[in-house]
Amino acid sequence: MGAVEWQKIPSSLSELCINTTLRCGQSFRWRKNDAGVWSMALHNRILSLHQDPEHLYYRATFPAAQPALPTPPASHAPSVAAGAEEDDTPALVQHYLNLAPNLTELYKQWSAADANFAKKAPKFTGVRILRQDAWEALVGFICSSNNNIARISQMMHKLCVHYGPLLGHLDGEPYHDFPEPAALAQEGVEANLRSLGFGYRARYLYETACMVVEKPDGWLDGLRNPEAPVLGQKAEDGGEWQASGREGYRKAHEELLALQGVGPKVADCVCLMGLGWGEAVPVDTHVWQIAQRDYKFGKGKHSSLTKATYDAVGDKFRSLWGKEAGWAHSVLFTADLRAFSERLVAKVEKKEEDVEVKKEDGEEPVLEDIKKEEKVVEKRIKREDEDGEKDVLAVEGTVRRSKRARKG
DNA sequence: GTCGAACCTTTCGA
DNA sequence: ATCGAAAGGTTCG
């Protein structure tokens with residue numbers, strides 16, 4: 001493995017908070033280790049992240065002996081073992097984390113346009129829409145139907161372990177890149193996924209993989225917002241704005257609907273998080289609750305979440321928040337997640353106690369000391385994420401414990 | 001266009 | 001602890 005030193009770039013927690021962004025239901029593959037470092041296999045390397053109030057730190061770990069070329073004369077292929085020849089990790093980080101937009105400015109705009117956003121957003125700053133791989137987003141959100149984030153994460157992990165190429169190990173854990181469509185379009189995949197606990201989504205994944213494989217090359221990325229091209233491509237104009245969404249967005253949404261297991265909500269998730277269409281507003285159970293509670297839906301004409309109501313909710317948010325409505329929506333969605341619910345309660349003296357109780361419950365005692373350190377770090381950077389660790393560790397815990405001594 | 005039921009399994013919360 | 005409900009929905013009739 002060719003590990004590279006940590007790099008750092010200036011970044012405030014208002015511009016990006018990875019502890020929120022990486023576990024708010026956008027990507028389901030990030031794992032946090034005991035030292036508080038987030039890692040994920042991405043584009044043929046293991047990308048690791050952590051941050052303090054002033055900086056974002058990143059590091060890539062490349063697989064050993066991964067010759068870009070069929071290993072010509074090994075004569076002077078020196079320590080360049082991997083990736084060192086033009087390390088594109090800085091560009092990848094910039095691209096994946098979507099660091100270009102000024103998030104503070106966007107929050108200001110959304111707050112000015114919407115009192116409810118202004119009220120909710122201050123406790124959920126730094127939520128950034130990631131630019132994920134479109135295929136991964138498609139698979140992840142097909143799995144998300146009628147499901148919970150912990151299980152979706154577990155399923156994505158299994159998918160990588162069983163069908164993705166192994167890149168290497170970190171903290172003793174294997175990291176696999178995300179499988180290509182062809183890997184999931186093979187005979188027997190459906191049955192195997194079912195046995196792995198995917199339930200009825202096994203068939204959706206297999207059939208969608210087959211359909212994608214049959215499409216012309218580059219079909220999925222062809223549905224991208226030209227303003228948000230894949231890494232290395234030049235940005236172009238995204239088309240004319242309208243409250244129902246730009247033409248390219250509508251086209252992408254419509255095409256995605258033809259895939260198995262893809263309805264309006266999943267299609268919007270892929271549009272927003274995989275294809276760069278900022279106006280895509282996925283309306284799920286959370287957003288529907290929000291729309292009823294805070295935006296006067298749920299009565300009369302729009303009393304139930306029909307297709308027409310679905311579109312109306314999206315239009316409402318698009319006309320309210322504009323071109324990046326899906327982004328604003330994600331902030332409110334995050335605020336609605338149980339995993340973050342503690343931020344909504346007022347800071348009272350009882351809180352410390354509650355946290356302690358939660359921590360002891362269901363966690364390995366061995367981790368106690370480490371976790372207290374972690375807590376200190378979290379406090380130092382002035383975030384309130386003690387609550388979050390519990391959830392994240394729970395996800396990893398099930399994976400790990402299933403292989404080791406679970407009974408204690 | 002709308003409605004209801006069925007769908008797999010895990011996690012959550014009372 | 002245990003058990004029903006809910007979980008970032010979609011499909012089918």
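Chain letters run A, B, ... following the sequence lines, proteins first, then strands; residues in each count from 1. For the numbers below, each heavy atom of this structure counts, side chains included, while hydrogens, waters and symmetry mates do not.
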field: Pairwise side-chain contact, A:L305 with A:F297, heavy-atom cut-off 4.5 Å (strictly under)
entry: no
task: Taking only heavy atoms on the protein side, list every residue of residues 192-209 of chain A lying under 4.0 Å from any atom of DNA chain B, sorted numerically.
output: A:R194, A:G197, A:G199, A:Y200, A:R201
- prompt: Atom CE of A:M155 and atom C1' of B:dT11: how far apart are they, to the nearest Å?
  reply: 13 Å
- prompt: Any donor-acceptor pair under 3.5 Å joining the side chain of A:R151 to the base of B:dT9?
  reply: yes
task: Among the candidates C:dG9, B:dC3, C:dG8, find the nucleotide nearest to the side-chain atoms of A:T306.
output: B:dC3
query: Of all the choices, B:dT10, C:dT11, B:dC7, which nucleotide is nearest to the side chain of A:N146 once you look at every atom?
result: B:dC7
query: Expressed in whole Å, how much space separates the P atoms belonging to B:dT11 and C:dT11?
result: 25 Å
field: Pairwise P distance for C:dG8 and B:dG4, with rounding to whole Å
entry: 24 Å
task: Please figure out whether A:G261 or A:S144 has its closest DNA chain C nucleotide nearer the 5' end.
output: A:S144
- request: Using the ring of A:Y206 (Phe, Tyr or Trp, six-membered ring only), decide whether A:R194 places NZ or CZ under 6.0 Å from its centre and within 45 degrees of its axis.
  value: no
message: From CG of A:L256 over to P of C:dT10, roughly how many Å is that when rounded to an integer?
response: 12 Å
task: To the nearest Å, give me how far apart OH (A:Y310) and C1' (C:dT10) are.
output: 12 Å
- request: Would you indicate whether A:K307, at its atom NZ, is surrounded by more than 12 heavy atoms from other residues, nucleotides or ligands within a distance under 6.0 Å?
  value: yes
message: Distance check, P atoms only: B:dA5 and C:dA5, in whole angstrom units.
response: 15 Å
Nearest-angstrom distance from the residue atom CE of A:M156 to P of B:dT10: 15 Å
- prompt: Is any side-chain N of the basic residue among A:D171 and A:R31 closer than 4.0 Å to the acidic one's carboxylate O?
  reply: no
message: Looking only at the aromatic ring of each residue, does the gap between the centers of A:Y295 and A:F317 stay below 6.0 angstrom?
response: yes
message: Could you check whether atom CD of A:E254 has more than 12 heavy atoms from other residues, nucleotides or ligands sitting under 6.0 Å from it?
response: no
message: Is the shortest side-chain heavy-atom distance between A:R201 and A:N147 below 4.5 Å?
response: yes
Within residues 313-324 of chain A or reaching into it, pairs that qualify as side-chain hydrogen bond (donor to acceptor under 3.5 Å, both in side chains) - sequence neighbours excluded: A:D114-A:W321, A:E227-A:K323, A:D315-A:R318
- line: Closest of B:dC3, C:dT10, B:dT11 to the A:S304 side chain is B:dC3
task: Of all the heavy-atom pairs spanning A:L231 and A:A91, show the shortest one and how long it is.
output: CD1-O, 3.7 Å
task: Look at the rings of A:H286 and A:F333 and say which category their plane angle falls in: under 30° parallel, 30 to 60° tilted, over 60° perpendicular.
output: perpendicular
query: Separation of A:L305 atom CG from C:dG9 atom C1', in whole Å?
result: 10 Å
field: A:D336/A:R293 ion pair, N-O < 4.0 Å
entry: yes
- prompt: With a non-hydrogen cut-off below 4.0 angstrom, is A:C143 in contact with a base, only sugar-phosphate, or nothing?
  reply: nothing
Inter-nucleotide P distance (C:dG9, B:dG13), Å rounded: 16 Å
- prompt: Hey, would you say the A:F117 and A:F124 ring centroids sit under 6.0 Å apart?
  reply: no
query: In whole angstrom, what separates A:I129's CD1 from C:dG8's C1'?
result: 13 Å
message: Nearest whole Å is fine: how far is C:dG9 C1' from A:L138 CG?
response: 14 Å
message: Taking Watson-Crick (N1-N3 plus N6-O4 or O6-N4) and G-U wobble (N1-O2, O6-N3), each under 3.5 Å, can you produce the dot-bracket string of DNA chain B? Use [ ] for crossing pairs and | for inter-strand ones.
response: ..|||||.||||||
task: State which residues pass side-chain hydrogen bond (donor to acceptor under 3.5 Å, both in side chains) with A:K8; sequence neighbours excluded, sorted by chain then number.
output: none
message: From NZ of A:K265 over to C1' of C:dT11, roughly how many Å is that when rounded to an integer?
response: 16 Å
message: Any residue in residues 273-294 of chain A with a heavy atom nearer than 4.0 angstrom to DNA chain B? Just list them by number, or reply none.
response: none
Could you list the protein-to-nucleotides 1-4 of chain C atom pairs, N/O on both sides, closer than 3.5 Å?
none

Minimum-distance nucleotide (side-chain atoms of A:S145 versus C:dG9, B:dC3, C:dT11): C:dG9
task: Using the side chain to side chain contact (heavy atoms under 4.5 Å, CB included) rule, pick out the option among A:H43, A:M40, A:M156 that qualifies with A:F178.
output: A:M156
message: Salt bridge or not between A:K251 and A:E255? Use side-chain N to carboxylate O under 4.0 Å.
response: yes
